[in-house]
Amino acid sequence: MRSGEGADVVLRGATVLDPAAGIEGVHDVVIRDGRIAGLEAPGAAEVGGLEEIEACGLHAFPAFFDPHVHLRTPGHEHKEDIETGARSAAAGGFCGILAMANTDPSVSTPADVEALREAAREAACVPVGFLATVSRGMEGEELTEMGAIRDAGAIGFSDDGLPIRSARLLRRALQYQRLCGGTIALHEEDPDLSGDGVMHEGPVSAALGLAGIPSVSESTMIARDAALAGYEEGQIHVQHLSATESVEVVRAAKAAGVRISCEASPHHLCLTDEELRSLDPRRFKMNPPLRAEADRQALIEGLRDGTIECIATDHAPHAAEEKEVPFEQAAMGVTGLETAFAALHTDLVLTGVIELGLLVERLAGGAAPFDLPRPTLAPGSEANVALCDLSAEWTVGEEGYESRSQNSWCAGRKLTGRVLITVAGGQVAYRLRSFSLGVAA
Ligand SMILES: [Zn+2]
Ligand SMILES: [Zn+2]
C-alpha cells in the first residue's frame, strides 16, 4: 500500500457492528493516527484535530477482506492493474485483498513477487498481498521455489485459473509447505469431467443445448485434496465453492480434523443457472459456473454453520471484446469487488435469509485462512473500517466503475446499501463522491 497519513477522523454516532469482537451499539468511532482510539458515547468524543463525520443512521463495520482477486498485472493491464483493482476494492469496503498469480507471465519466482510488492507500494490504496503459483508457469509439472518465494513475501500459493491435476505435485507442495508455510489455495476442478463445458450441467444446460460442467467435477477434486492435506498435515483453502456436494465434502473434512478452509462468492450465493437462459456471458459466464437453487441453498447453509468461513469475490476483469461474443466463446469470470456488500445485503439480508452480523463476519473472514490479522473495530487496533448507508439505493454501473473492466455480474441492477467511506490499513482509502460533499471537514 502507498504510504500516507494515518486517518484522524471521528465518525459521530455510528451504529457499530463487529460480531467477531462482540461489539454492537451506537458510538462515536474515534480514529487517531490510523488506529481505533476508542468507541465512545455518541457526542462525547473530543474532536480536537479530528475530521468530524456525521454518521448518525450509518453503519460502521470492520472493513472486508477479499482473499481472491485477479489484478491482471503483469500482462493484461488494459483489463485491470494494481491501482484500479485496489481502488475497486476500496470502493467495495475492502481493506485488504489477495491477488492471484495467473497473470501473463504468471507469478512464479521470488523476483516476480518482489516486483509486484514494490508496485503495490507505489500504486495501491489498500494493502495487497500476492500469491505465487504452486507449479512453475502453472504448467502443473514442477514446483516453484516455494521457500525462496515465501522469503520474498508471498502470502501463499495458488494455480487458480487451473486445478492442480497431479496429486503427486500437490502432495510435494504440502510437504514443502511444512518447511516454508503459506496456505495453498485451490481451484478445484477435474478437467476430464469439466471437458469443454460452459455452464452447470443440469436441466437448464440440457434445455439450452450447452455443454455442462457437473458438480462432481469440483467435489471429487476437493475430496482428493482434503485427503492429501489430511495425510500430509497441510493447510489448504478451497476457492469458490459452488456445489452442494462440495460443501458436504468440506464439512466432513473439517469434522475429521483436516486444516481446510473455504470461500464462496457473492454471485454463487445470489444467482442460479436459471440466469443462463439470458445467454448473457458478460454477467453470467464464470468458472465454476452458477449452479442450481439447491446448491445456492447449500452454500447459504455453509455460511451459517461456519463450514464456509469467508466470502471472496473472485473479481475477474475482462475486456469487452472477450465478453461480447457468442456465449460458448466468451471468457469466464465477472467483477465483484464494488458490489459484494451491496448485492449480498440486498439479496440475503433484506430478504431475511441471513443476519447482517453474519454477512459482516464472513466478508471480514478471508484474512484468517491465510494467517493474516482479521479486520476489527476493537480499540487499539489498526483502523480498517467500512462506513455504510444501509438504505442508500443505487444502480450498478450508472456512475461507471472504479475497476477498468465492466463485466460486473450486477451491471444494471438496483441495489440497496452502499459503502460511503473505507479506511484501510489506517488510511482513508475511499470516499463516495456524493457523500463527501455533505461532510464537514
Ligand atoms: Zn478459480
Ligand atoms: Zn479466480
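Numbering of ligands and ligand atoms starts at 1, following listing order. Residue numbers start at 1 and run along the sequence shown.
Look at His70 and the Zn ion (ligand 2): an N/O/S atom of the residue is under 2.8 Å from the metal. Here His68 does not reach the Zn ion (ligand 1): none of its N/O/S atoms is less than 2.8 Å from the metal.
The distance from atom CG of Asp190 to atom CD1 of Ile222, rounded to the nearest 0.5 Å, is 12.0 Å. Remark: Leu162 CG to Met138 CE distance equals 4.0 Å, nearest 0.5 Å.
Among the heteroatoms counted here (N, O or S) of Asp160, OD1 is the one nearest to the Zn ion (ligand 1). In His187, the N, O or S atom that comes nearest to the Zn ion (ligand 1) is ND1. Residue Asp314 approaches the Zn ion (ligand 2) most closely through its N/O/S atom OD1.
With Glu80 as reference, His315 is the one residue of His70, His315, Arg87, His318 to meet the side chain to side chain donor-acceptor pair (under 3.5 Å) rule.
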message: Could you walk me through whether Asn287 and Glu189 satisfy the side chain to side chain donor-acceptor pair (under 3.5 Å) test, starting with their C-alpha distance in whole Å, then the side-chain angles of each, then the deciding distance to 0.1 Å, before giving a yes or no?
response: CA-CA 9 Å; Asn287 190 22; Glu189 175 177 22; 3.1 Å; yes
message: What verdict does the side chain to side chain donor-acceptor pair (under 3.5 Å) test give for Arg291 and Ser242, after you've listed the backbone C-alpha separation in whole Å, the side-chain angles of each residue and the deciding distance to 0.1 Å?
response: CA-CA 7 Å; Arg291 298 202 187 269; Ser242 68; 2.7 Å; yes
